[in-house]
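Reading through the structure tokens given below for one structure.
In what follows, every heavy atom counts, from backbone to side chain, and hydrogens, waters and symmetry copies are set aside. None of these values were measured; they are calculated from a predicted model.
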Amino acid sequence: MSGNQLEETPRIDLDNPPARILGIESSCDETAAAVVENGREILSNAVASQVDLHAQFGGIFPEVASRQHILSIYPIVDQALKDAHLKLSDLDGIAVTRGPGLPGSLVVGINMAKGLAIGSGLPLLGINHLEGHLYSAWLEEEGKKKKKTPKFPLLALIVSGGHTELILMKEHLVYERLGGTLDDAAGEAFDKVARLLELGYPGGPAIQEAATDGDPNAFDFPRSWLEDSFNFSFSGLKTAVLRKVQQLEKQKSKLPKKNLAASFQAAAVDVLFQKTLRAAEEFGTKDILIAGGVSANQALRGKFKGQRKYSVHIPPLFLCTDNAAMIAGAGCYRFHAGQRDSFEMDAAPTWAISDL
Ligand code: KG4
Ligand code: ZN
């Protein structure tokens with residue numbers, strides 16, 4: 001009898017939580033919706049980027065961002081459902097980025113999700129954007145060879161426009177924050193230096209491109225190690241680039257933009273790489289996960305892929321920057337863990353991963 005009962009108990013595969021979730025993301029300058037199954041399989045992934053809109057301001061203009069989200073959100077959700085060939089009634093839940101992010105932008109996605117949840121009777125799940133970035137590493141690319149599944153405990157580095165976080169992920173949904181930036185986020189430093197060098201917006205890809213033909217050793221920019229802590233600081237590096245530019249301009253020299261970009265990128269990547277490895281060493285993890293917009297950087301990817309000691313998980317480029325597949329993916333795990341949010345749920349613009 002007991003043997004039969006045991007056999008009848010469904011076995012849950014924690015790496016494939018059984019759920020089909022619609023994810024919605026509007027925390028910054030991308031309006032996105034996606035459907036993900038079992039935390040891994042992307043059934044659709046629609047993204048409307050506002051990059052061109054904000055390029056004229058050289059950065060994100062919050063009021064413009066929220067207005068554009070309002071215009072894009074309905075067509076993007078519609079597209080995600082159509083691309084997945086699904087109706088709301090085929091889904092198990094609606095996950096939406098609750099924070100961190102721009103308040104006026106978050107509210108647009110949250111209200112859309114609430115409306116859909118109320119109309120369909122599906123549960124609503126508010127997802128932390130940084131947790132979403134982490135879960136992008138579990139998503140599979142259609143038609144590609146199956147990826148290695150990240151193994152716990154793992155050391156995670158989230159590097160985006162708003163965040164630089166070192167996290168020890170002990171198991172699914174369990175995090176210990178080891179450190180983060182004390183000033184600028186890594187992506188913010190790329191964006192600010194690109195503006196300084198007049199390379200355009202967004203700065204990360206612009207710096208990367210300029211650095212391709214530059215000499216990373218042309219300028220010896222400072223690396224902030226902050227001794228034994230797992231915190232980061234990028235403002236000194238940014239100021240060092242500014243001082244060098246001012247000095248060269250004073251000498252009426254033509255700015256060696258490619259060398260400046262390459263030397264800045266080398267310094268930023270060096271600190272991110274070394275500190276992550278040191279944390280992995282100290283906490284004895286065998287796996288490292290990198291996510292967030294800056295993880296699209298080829299120099300950073302190359303450094304991590306070039307070492308043999310750790311098993312490294314980096315999302316494909318289209319999942320590094322903001323998307324809704326990562327929110328739907330995290331939503332599958334949260335749904336499976338029993339999370340259900342009320343319709344009173346509000347945006348959480350400063351929600352830290354340490355509060356999860
Ligand atoms: O994750 P994300 O799309 O948005 C936030 O959550 O902030 O990250 C955007 C950031 C921007 O600062 C952008 O300049 C940076 O990621 N980024 C890059 C690259 N692609 C995007 N930074 C360095 N190299 C890149 N290739
Ligand atoms: Zn992000």
Side-chain angles (χ1 to χ4, degrees), residues 17 19-51 65-66 68-86 88 90-102 105-117 120 122-142 158 160-162 291-293 295-296 315-335 339 341 345 347-348 351:
R20 193 188 278 155
I21 301 286
L22 169 71
I24 298 176
E25 154 67 36
S26 69
S27 68
C28 194
D29 60 343
E30 256 97 32
T31 321
V35 181
V36 168
E37 195 160 65
N38 303 346
R40 310 206 70 152
E41 201 185 328
I42 302 171
L43 303 184
S44 66
N45 184 32
V47 185
S49 172
Q50 302 181 2
V51 162
S66 44
Q68 189 59 37
H69 284 308
I70 292 170
L71 296 176
S72 305
I73 193 88
Y74 182 83
I76 280 293
V77 169
D78 198 39
Q79 192 188 328
L81 290 170
K82 283 198 175 120
D83 290 351
H85 306 290
L86 294 171
L88 284 174
D90 299 319
L91 305 173
D92 294 308
I94 308 209
V96 61
T97 304
R98 189 178 169 203
L102 300 170
S105 292
L106 288 166
V107 162
V108 178
I110 291 173
N111 284 344
M112 182 74 188
K114 282 183 186 172
L116 291 172
S120 64
L122 289 170
L124 172 75
L125 294 95
I127 301 294
N128 182 290
H129 181 82
L130 301 175
E131 181 169 77
H133 273 303
L134 292 176
Y135 274 96
S136 61
W138 271 265
L139 296 171
E140 300 283 357
E141 262 182 291
E142 210 188 321
I158 303 177
S160 69
S295 68
L317 291 180
F318 75 102
L319 294 175
C320 289
T321 44
D322 287 349
N323 62 86
M326 67 187 202
I327 302 302
C332 291
Y333 287 85
R334 287 282 167 195
F335 176 85
Q339 178 178 329
D341 286 306
M345 182 182 87
W351 193 8

Q: State, with a plain yes or no, whether a side-chain heavy atom of Leu116 is found less than 4.5 Å away from one of Leu88.
A: yes

Q) Do the side chains of Phe335 and Pro123 get nearer than 4.5 Å, heavy atoms only? A) yes

Q: Quick one: closest heavy-atom pair of Gly331 and Ala95, and the distance?
A: CA-CB, 4.0 Å

Q.
Working to the nearest 0.5 angstrom, can you tell me the gap between Ile24 CD1 and Ile73 CD1?
A. 5.5 Å

Q) How close do Ser295 and Pro315 get, heavy atom to heavy atom, and via which atoms? A) OG-CD, 4.4 Å

(Q) As an exercise, state the distance from OG of Ser26 to CD1 of Ile76, rounded to the nearest 0.5 Å. (A) 11.5 Å

**Q.** Heavy-atom pair with the smallest gap, counting every atom of Ile110 and Arg98
**A.** CD1-CA, 4.0 Å

Q | Check: Lys114 side chain, Met345 main-chain N or O, donor-acceptor pair, under 3.5 Å | A | yes

Q: Grab the two heavy atoms, one from Gly23 and one from Ala328, that are nearest each other, plus how far apart they are.
A: N-CB, 3.6 Å

Q) Just by distance, do the side chain of Asn323 and the backbone of Met326 share a donor-acceptor pair under 3.5 Å? A) yes

(Q) For the CD1 atom of Ile21 and the CZ atom of Arg334, what is their distance to the nearest 0.5 Å? (A) 12.5 Å

Q. Does some side-chain heavy atom of Leu91 sit less than 4.5 Å from a side-chain heavy atom of Ser120?
A. no

**Q.** Least distance between heavy atoms, Asp341 atom then Gly126 atom
**A.** OD2-N, 2.7 Å

(Q) Show, in sequence, the C-alpha distance, side-chain angles and deciding distance for His133 and Asp322, and conclude whether the side-chain hydrogen bond (donor to acceptor under 3.5 Å, both in side chains) test is met. (A) CA-CA 8 Å; His133 273 303; Asp322 287 349; 3.1 Å; yes

**Q.** Test item: Asp92 and Leu122 side chains (from C-beta on) under 4.5 Å apart, heavy atoms
**A.** no

Q) Atom CD in Glu141, atom CZ in Phe318: separation rounded to 0.5 Å? A) 4.5 Å

**Q.** Partners meeting side chain to side chain donor-acceptor pair (under 3.5 Å) with Asn111 (sequence neighbours left out)
**A.** none

Q.
Within this structure, what is the OG-CD1 distance for the pair Ser136 and Ile42, rounded to the nearest 0.5 Å?
A. 9.5 Å

Q | Closest contact, heavy atoms only, Ala324 versus Asn45 | A | N-OD1, 4.1 Å

Q.
Test your reading of the model: is there a side-chain donor-acceptor pair from Ser44 to the backbone of Ala80, 3.5 Å cut-off?
A. yes

Q. Once you round to the nearest 0.5 Å, how far does CG of Leu130 lie from OG of Ser27?
A. 9.0 Å

Contacts under 3.5 angstrom, residues 31-39 side chains, donor-acceptor by atom type, not counting sequence neighbours:
from: Thr31; atom 1: OG1; to: His69; atom 2: ND1; distance (Å): 2.9
from: Glu37; atom 1: OE2; to: Arg20; atom 2: NE; distance (Å): 2.7
from: Glu37; atom 1: OE2; to: Arg20; atom 2: NH2; distance (Å): 3.1

Q. Any chance the side chains of Gln68 and Ser66 put a donor and an acceptor closer than 3.5 Å?
A. no

Q. Do the non-hydrogen side-chain atoms of Leu22 and Leu86 ever get within less than 4.5 Å of each other?
A. no

**Q.** Candidates Val77, Val107, Ile94 - the one meeting side chain to side chain contact (heavy atoms under 4.5 Å, CB included) with Met112
**A.** Val77

